[in-house]
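In what follows, a single structure is set out as structure tokens and then discussed.
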Amino acid sequence: MAMNKIRGAFAVPRKGETFELRAGLVSQYAYERKESIQKTIMAMTLGKDVSALFPDVLKNIATADLEQKKLVYLYLMNYAKSHPDLCILAVNTFVQDSEDPNPLIRALAIRTMGCIRVDKMVDYMEEPLRKTLRDESPYVRKTAAICVAKLFDLNPSMCLENGFLEMLQEMIGDPNPMVVANSVTALSEIHHTAPETQALQVTANTLRKMLMALNECTEWGRVTILSTLAEYRAADVKESEHICERVAPQFQHVNASVVLAAVKVVFLHMKYVGPELAKNYLKKMAPPLVTLVSSAPEVQYVALRNIDLLLQKQPDILNKELRVFFCKYNDPPYVKFQKLEIMVRIANDRNVDQLLAELKEYALEVDMDFVRRAVKAIGQVAIKIESASEKCVNTLLDLINTKVNYVVQEAIVVIKDIFRKYPGYEGIIPTLCKCIDELDEPNARAALIWIVGEYAEKISNAGDILGGFVDGFNEEFAQTQLQILTAVVKLFLKRPEKAQGLVQRVLQAATAENDNPDVRDRAYIYWRLLSNTSDQNATKNIVLSEKPPSSLPPTLLEQLLQELSTLSSVYHKPPEQFVGQGRFGADAVQRAAIEEQLQNARENPLAAAAAAAVSGTAPAQAQSNVENLLDIDFDGGAPASAHKEPSGEMSGLEGLAGTPVRVQSPAAGAPAPQASNNLDDLLGVFGDSGPSQPSSSGANGGAAADLMNGFSGLDLSGHASPPTQSQPQKSSQDIMDLL
Amino acid sequence: MLSGILVFNQKGENLIFRAFRSDCRPRLADIFRIQVIANPQVRSPILTLGSTTFSHVKHENIYLVAVTKSNANAALVFEFLYRLIVLGRSYFGKFDEEAVKNNFVLIYELLDEILDFGYPQNTETDTLKMYITTEGVKSAIANSPTDSSRITQQATGALSWRRSDIKYRKNEAFVDVIEDVNLLMSATGTVLRADVNGQIVMRAYLTGTPECKFGLNDRLLLDSGGSSSANGGRGGGGISGNNKATRAAAGSVTLEDCQFHQCVKLGRFDADRIISFVPPDGEFELMRYRATENVNLPFKVHPIVREIGTTKVEYSVAIKANYSSKLFATNVVVRIPTPLNTAKTTERTSQGRAKYEPEQNNIVWKIPRFSGQSEYVLNAEATLTSMTHQKAWSRPPLSLSFSILMFTSSGLLVRYLKVFEKSNYSSVKWVRYMTRAGSYEIRF
């Protein structure tokens, strides 16, 4: 059968394949031509360059066979750019098809025309688009609506001049729900790429239309409408109430993205309605949120990240639902990690016993990352709920008694955090000191040493313990060395008679025999402080000062709530930190590209000519030039160059490969600080990177923290503030980042 | 929105590459291959490199990848990928590498239809099947203008899920209530979590455009008193039997949450909890629900597991059926985890057959038929090989799978299904109940 032959196309390429395909494409038999088109498409998918067949494929465009037509169109969309002149040959067919009696063909023609990104095509699009926007068939209209967005992307000025935006705005009043949804989609896209067009203005009238279409259109259309409603700021309380009332039934939709979009609308509009009503809606949205937790793991992950955000704003909505978030044995790790975080958020003094029992269970599992997180969660619970801190400490002690190496280490780190917030658990210090020999991770060693230094006056053999560390000072990690230094100085200040010699030794070791500038600097500071005789208390005030309780950095909560259910909400980062194009980055990118050309102009006159040519042409061309710069392989339709070109960039990517855990997403990225080789050094610059918080602090620190770490290795400043890039050097790196 | 959809096999070969926007470069396929498929460390379904985000789902032996360049709606992206799987399965039976390779033309055609400029369009299987077909024969219909205008009407209409000209000689509706009961029990025998995920699947073979009303013994509805008595037109021997089966449970059920097929008028449900809809033709999932109160656990399991030294583990697992003796469960399978270094096992059972499956590290105990109120016991012993590096056994939970007909864990009951149609025909309705194991886990 024909199918077998198609499968043959996956086999090793034969010699002269293009030749064979060409022969097939011009065959006198229709079925042979069709088969050849299929094979051509197959080769295209595999990444082979079949653009040379363009004229031959094009000959098959005029056919009554819908399937074949679709294939030719598919080919056309892919290679139109490499043969812009030949595309003109297809125009006639498109225009004809857009008047075909069959609505499917009319829609296909207009849909495909918009995807052929060639200037010449744009010129011929105006008439068919105008006609199809007013087509009698809703199917054609809804396709044409999207096509306006495509046209705007290609040539905004033409789109505006021909009044397509106004036509689209009228179409929000279309009797067909799907046309309404697609019109809103297209307008919203245009509005976001070019806010100055004011494409999507929600008025009382459009609002009514959208709410009407909401109950009838497809699930995807509902998401679009709901997202628009979420961005809309209601005119008065009444309107907000009305929106909430109409949107709330969507909580019951089977599609998780509809549910999340509806939650977003109600959550944002709830601020303006009465507190009683708002409370009602909060109660109403809890069950659907819980239901999301039983969806497919990936959807679940997105939902959990969003629930995390909602809980930060409204901590009480799910406080009876702790059990729902218990990890199942087979949950994928990224879901488990997120569930842990949510459990900590929901924890209160009523459910804390249950939670601790569960966390202890997790801490005894085998997945090392998960176990560490579970132990950490116990610490977070202790810090969150003061009354439960004793129970938490006891649980941690139980875990330390299991003697499982990594559990013990993590438990010690966590106990340090608890000590910081609640002094008064000195009783357990001897137990901790017993496992001193088992600690081999710098974090855990440092934590234990910190505890010893902090409570030096209460530990009778503190001097001996620290003495042991001082003896092996030069074998320790830098992080631990710093902690030893501090602890010894603390001990000396608290019990000078015992630690005189020890201080001398450690300062000697840290200054004379150590190569690490951080350690040396800190040692010098202590040395100076200690030799200061004018004010005896100064040293004490500095070294033994009150510790501020550890706290979470301020979050971007409000902004993130606006982004509910998007990638931004998954990363807990504002979109400008990872989106290069569109709303935020497009201008910056364009400017950067022009900047680079100016730079080139200064360096060589040849490029100057090119730059001049570009700046002289229409904006659409400038756009495509930007795309060329963004193009990862710079090769477009010429794969021959692909092999030599990217070598430099590939090395960049391989650099990324070393630290992908960090780049992929906060939940999975944070657990393994030790896995990211050089990153720790980088982060070390910013201070203690130990408890890396998923919610980032500011724009600067945030960019460096999680998501962009892969890139921060290359260029830390590149992402700090894209809109203000001015130095040409940096701008070129910015472009690198965007790839 | 979406910039492109890519499909890979496990080896990382790109099977489908469909770009919807010009920013989806062919090179991205290589990047995904290097960064995700070839990287065993990747643990997240979302990966952002620069400004490109790859969201992927693994199904059978293929990766389905969505490429986005903007701050896309992540929930929508994944829902869409899963919808693609549903579509693929309904078209090809099984959506795997084989199916993709054999049907790549059709897949391109489908993608072209369900996504426009990266925005999802109509993804209803039934509608799509009207004009995108595997045989290529039926597309002749799509070629005739009159038929295709009807198709496009439906593809965009308010009733996008139903054709208007459906006729049946005999009007029938089958309702299947299928419940997945989830349990997580601690080692001390306390129930940590017990809930029911239910779905109601309907097969409607009804003429014309029927308006259906559907009633359950939902507590909120019953309390509000806004319900009428059961429908007389209800037929089928099953109903009287299962009344008995579920009567043991409380008279009414509290549904924590429900979700409906898009044919259900959500506004009406929100206002007066009436489930009213015009059904699609044939089989569809009418609703899903969740119940957490008064869950009837069909099986009680008492595992006793003792590790004797480092060389032996002794098991004694007792399992008791907790439902009426008139009912029986089928295909009961108990999976009892064994340590990784198990060398051999011996099992004795009072019913069914037990076998050690080394590749799963499980003793699998199968009981084909398990009648109500009976109790069976398994005694087993696992001999362990000694290891130089003794690592503690994590004791994964013991798990159960089963299915029981005419039993609902939540106690849910269909009270009525009424069909209204212009021609006022009478219709026959059938109801079936089934409970299966969802994640039924017992720690020990």
* To do: Quick one: do Ile46(B) and Tyr571(A) satisfy side chain to side chain contact (heavy atoms under 4.5 Å, CB included)? Show the steps, please.
  => CA-CA 10 Å; Ile46(B) 306 182; Tyr571(A) 288 130; 3.4 Å; yes

Given a strict heavy-atom distance threshold of 4.5 Å, which part of [X] is in contact with chain B: side chain, backbone, both, or neither?
X	result
Gln300(A)	neither
Ile41(A)	both
Ser569(A)	neither
Asp367(A)	side chain
Leu108(A)	side chain
Arg222(A)	side chain
Ser294(A)	side chain

Do [X] and [Y] have side-chain N/O donor and acceptor atoms under 3.5 Å apart?
X	Y	value
Thr218(A)	Asn122(B)	no
Glu563(A)	Asn71(B)	yes
Asn73(B)	Thr566(A)	no
Gln259(B)	Asn255(A)	no

Which heavy atom of [X] sits nearest a heavy atom of [Y], and at what distance?
X	Y	result
Gln252(A)	Cys258(B)	CG-O, 2.7 Å
Val324(A)	Arg193(B)	O-NH1, 3.6 Å
Phe117(B)	Glu189(A)	CE2-OE2, 3.5 Å
Ala75(B)	Leu260(A)	CB-CD1, 3.7 Å

* **Candidate pair Asn182(A) and Gln121(B), rule side chain to side chain donor-acceptor pair (under 3.5 Å), full reasoning** => CA-CA 9 Å; Asn182(A) 274 3; Gln121(B) 303 292 310; 2.8 Å; yes

Point-to-point distance, once rounded to the nearest 0.5 Å, from [atom1] of [X] to [atom2] of [Y]:
X	Y	atom1	atom2	value
Leu115(B)	Trp220(A)	CG	CH2	9.0 Å
Tyr301(A)	Ser55(B)	OH	OG	10.5 Å
Ser22(B)	Arg117(A)	OG	CZ	3.5 Å
Asn215(A)	Arg268(B)	CG	CZ	13.0 Å
Ser186(B)	Glu361(A)	OG	CD	7.5 Å
Ser295(A)	Tyr82(B)	OG	OH	9.0 Å

Could you tell me which portion of [X] (side chain, backbone, both or neither) has an atom closer than 4.5 angstrom to a non-hydrogen atom of chain A?
X	value
Phe269(B)	side chain
Thr68(B)	side chain
Tyr119(B)	side chain
Glu441(B)	side chain
Arg288(B)	side chain
Phe54(B)	neither
Ile16(B)	backbone
Arg18(B)	side chain

* Arg443(B) bridged to Glu365(A) by N-O distance under 4.0 Å ->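 Result for this pair is no, no salt bridge flagged.
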
* Would you mind checking if Asp270(B) and Arg246(A) are paired as a salt bridge, meaning a charged N to carboxylate O distance below 4.0 Å? => no

Against chain B, work out which of [options] has the most heavy-atom pairs shorter than 4.5 Å and name it.
options	value
Glu358(A), Met77(A), Lys284(A), Gln354(A)	Glu358(A)
Leu292(A), Leu564(A), Val302(A), Val404(A)	Val302(A)
Gln250(A), Glu136(A), Glu219(A)	Glu219(A)
Ala186(A), Pro288(A), Pro333(A), Ser137(A)	Pro288(A)

* Structure fact -> Exactly one candidate in Lys150(A), Arg111(A), Lys142(A) meets side-chain hydrogen bond (donor to acceptor under 3.5 Å, both in side chains) with Asp116(B); the answer is Lys150(A)

* Residues in side chain to side chain contact (heavy atoms under 4.5 Å, CB included) contact with Asn182(B), at least two apart in sequence or another chain ->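 Expected list: Asp195(B), Asn197(B), Ser439(B).
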
* Which is it for Asp257(B) and Val290(A) under the side chain to side chain contact (heavy atoms under 4.5 Å, CB included) test, yes or no, and what are the steps along the way? -> CA-CA 9 Å; Asp257(B) 184 32; Val290(A) 171; over 6 Å; no

* Structure fact -> Of Glu113(B), Met1(B), His261(B), the largest count of non-hydrogen pairs under 4.5 angstrom with chain A goes to Glu113(B)

* **Partner chain A: residue of Val264(B), Leu184(B), Leu76(B) with the largest heavy-atom pair count (under 4.5 Å)** => Leu76(B)

* Pair Val105(B)-Glu67(A), side chain to side chain contact (heavy atoms under 4.5 Å, CB included): steps then yes or no -> CA-CA 9 Å; Val105(B) 172; Glu67(A) 200 179 326; 3.8 Å; yes

* Asked: Quick one: does Glu298(A)'s side chain have a donor or acceptor within less than 3.5 Å of a partner on Phe78(B)'s backbone?
  ->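 No, Glu298(A) side chain to Phe78(B) backbone: no donor-acceptor pair under 3.5 Å.
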
* Between Arg290(B) and Pro287(A), is there a donor-acceptor pair closer than 3.5 Å when you use the side chain of the first and the backbone of the second? -> yes

* To do: Using the side chain to side chain contact (heavy atoms under 4.5 Å, CB included) rule, take His253(A) and Phe260(B) through it: C-alpha gap first, then chi angles, then the decisive distance, then the call.
  => CA-CA 5 Å; His253(A) 202 283; Phe260(B) 297 100; over 6 Å; no

